[in-house]
Amino acid sequence: MINKSLQNIDITRFQRNLVNWYKINQRDLPWRMNQDPYRVWVSEIMLQQTKVDTVIPYFHRFMEKFPTLEDLAAADEQEVLKAWEGLGYYSRARNLQNAVREVVAEYGGEVPSDPKDLGALKGVGPYTKGAILSIAFNQAEPAVDGNVMRVFSRVLRIEEDITLQRTKKLFEIYVKEMIDKDDPSSFNQAVMELGALICTPKAPACLFCPVQEQCSAFAEGIQEELPIKKKAKKQKTLPYIVPLIKNTSDQYLIEKRQDQGLLANLWQFPMVPKEEVDNLGNWFYNEYGISIELDRKVGNLKHVFSHIIWELDIYEASTTVERLLGNDIRFVSKEEMSAYPFPVSHQKMMDYL
DNA sequence: AACACGGGGAG
DNA sequence: CTCCCAGTGTT
């Protein structure tokens, strides 16, 4: 036995309590309609670091637009990003399409059920691999996410820092011991559902918990102290000036961001880094090859990412230039803009157009 | 091991 | 405000 706490747990009883509770209390979610591996896959990618309620409308739209793996593989990347617009972590969308294309090319369009093959796909890490294997293929593989670590840190009273990689591996070992070999799909989903509905980060509803009697943390009254998690470090603030540049045809200048890093391949209004630029007109002419006039400040906006903060001063601006060379920078009307994927921060600026 | 990578909602 | 969410890829 790996953990002292595991010795004190009747695993069969734990499984039964948990899975029975899940079968009665599970939410009716669109990706639970069937076990189609493609649907499960899309849902699991969308759910990474993202709440269920946020994902639901995106999932419906995405499945309507790309009903099959082949549809997604054949789509234009910009279309996929447009469908992902506002959901965040956009590399998820690009990796998913990359992986789906690989499945079409290498596996005849069938999602591989072999753990090695599945885990080798872009964007399919240890969690997603385990989730697809258990939910779509009913294999007894662990799928350890934040919920699972919270639930088991309390049930087994594990006080390791869950931000560490080795701690996550520890949980995978525990889940392998605990998982219901007869119904791994329900078991894994049950743990996550419990984490979302009962065993919440703050003020867990222990009185309604189906495994309360087997929870070490509850027995000690320390459920609110677990899990242990090191605090993230503070974001750095980056100030920008964002000119909304209109030409004489009522079109606005937009550009495509670079193909890697933050918000890769999304579109935006030009951003001028405030601290590196003293003369905006000169800087802009050097960078973009056009002269612009800064007319007036129309607002400011703060946008918080997980690792940085943008402080954006928004200006109305104008130019006499009508056309531009290059595929990644262009003048478009307000109406045409809706076809391009924009980050949320820049969608908000469209109110000022 | 540490960091980059979005956005929203709860308390 | 702070925390956290069905994490993964890169360095």
Side-chain angles (χ1 to χ4, degrees), chain A residues 26-27 29-32 39-59 81 84-96 98-99 119-136 142-151 161-169 171-172 175 185 187-197 199-204 224 227-236 238 257-258 260-266 268 302-310 341-348:
Chain A
Q26 65 171 293
R27 291 166 290 181
L29 301 173
W31 45 89
R32 288 180 177 159
R39 287 175 70 87
V40 173
W41 185 4
V42 170
S43 72
E44 289 302 339
I45 300 297
M46 286 189 170
L47 286 161
Q48 288 170 11
Q49 301 291 283
T50 311
K51 289 237 167 51
V52 163
D53 288 340
T54 304
V55 167
I56 289 173
Y58 281 93
F59 182 79
L81 286 174
W84 212 270
E85 183 184 60
L87 198 52
Y89 284 141
Y90 298 94
S91 66
R92 291 185 294 175
R94 303 201 304 138
N95 287 338
L96 174 60
N98 180 313
L121 297 170
K122 269 284 196 310
V124 180
Y127 164 76
T128 305
K129 180 175 69 168
I132 295 173
L133 289 175
S134 60
I135 298 171
V144 175
D145 71 336
N147 285 310
V148 175
M149 289 196 281
R150 185 171 59 257
V151 169
D161 178 357
I162 64 164
T163 67
L164 300 178
Q165 202 173 14
R166 63 169 179 272
T167 306
K168 188 174 170 178
K169 287 183 178 160
F171 281 99
E172 286 172 352
V175 172
S185 169
F187 181 89
N188 279 345
Q189 293 186 81
V191 181
M192 294 188 273
E193 198 81 337
L194 190 74
L197 300 180
C199 196
T200 49
K202 280 171 248 181
E224 304 248 22
I228 306 290
K229 189 174 186 179
K230 181 177 62 209
K231 267 210 274 274
K233 67 171 199 185
K234 234 176 75 178
Q235 304 101 316
K236 177 181 290 185
L238 300 176
R257 293 178 61 87
Q258 57 184 77
Q260 54 185 334
L262 185 65
L263 305 168
N265 285 355
L266 273 69
Q268 66 174 19
K302 185 161 139 169
H303 193 80
V304 179
F305 298 91
S306 43
H307 58 306
I308 50 175
I309 297 173
W310 279 355
F342 281 84
V344 166
S345 50
H346 285 254
Q347 289 179 53
K348 288 177 180 165

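The sequence lines fix the lettering, A, B, ..., with proteins before strands; numbering per chain opens at 1.
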> Which part of the nucleic acid, if any, lies within reach of W31(A) when heavy atoms closer than 4.0 Å are counted: base, sugar-phosphate only, or nothing?
Replying inline: base
> Touch check for L87(A), heavy atoms < 4.0 angstrom, all strands: base, sugar-phosphate only, or nothing?
Replying inline: base
>> Students often get this wrong, so: under 4.0 angstrom with heavy atoms, is S306(A) touching a base, only sugar-phosphate, or nothing?
In response: base
> So what does Q189(A) touch, heavy atoms closer than 4.0 Å: a base, only the sugar-phosphate, or nothing?
Replying inline: nothing
> Nearest to the side chain of K230(A) - dG9(C), dA6(C), dA2(B)?
Replying inline: dA2(B)
> When you compare dC5(B) with dC4(C), how far apart are their P atoms, in angstrom units rounded to a whole number?
Replying inline: 22 Å
> Touch check for R257(A), heavy atoms < 4.0 angstrom, all strands: base, sugar-phosphate only, or nothing?
Replying inline: nothing
> Rounding to the closest angstrom, what is the interatomic distance between dT11(C) and dG6(B) at atom P?
Replying inline: 15 Å
> With a 4.0 Å cut-off on heavy atoms, is V148(A) in touch with a base, just the backbone sugar-phosphate, or nothing at all?
Replying inline: nothing
>> Taking only the P atom of each, what is the distance from dG11(B) to dA6(C) in whole angstrom?
In response: 14 Å
> Nearest to the side chain of F305(A) - dC5(B), dG8(B), dG7(B)?
Replying inline: dG7(B)
> How long is the line joining CG of L238(A) and C1' of dG6(B), in whole Å?
Replying inline: 15 Å
>> Under 4.0 Å, heavy atoms only, any strand: does K168(A) hit a base, just the sugar-phosphate, or nothing?
In response: sugar-phosphate
> For the side chain of Y90(A), counting heavy atoms from C-beta on, which of dA1(B), dA2(B), dG6(B) is nearest?
Replying inline: dG6(B)
> Counting side-chain heavy atoms from CB outward, which of dG7(C), dC4(C), dA6(C) is closest to K229(A)?
Replying inline: dC4(C)
> Does a side chain donor of either T128(A) or R92(A) reach within less than 3.5 Å of an acceptor in the other side chain?
Replying inline: no
>> From C-beta outward on K302(A), which listed nucleotide comes closest to its side chain: dA1(B), dC1(C), dC4(C)?
In response: dC1(C)
>> From the set dG7(B), dG8(B), dA6(C), return the single nucleotide nearest to any side-chain atom of L29(A).
In response: dA6(C)
> Are any side-chain N or O atoms of S43(A) and backbone N or O atoms of W31(A), one a donor and one an acceptor, separated by less than 3.5 Å?
Replying inline: no
> Is there side-chain contact between H303(A) and I309(A), with at least one heavy-atom pair below 4.5 Å?
Replying inline: no
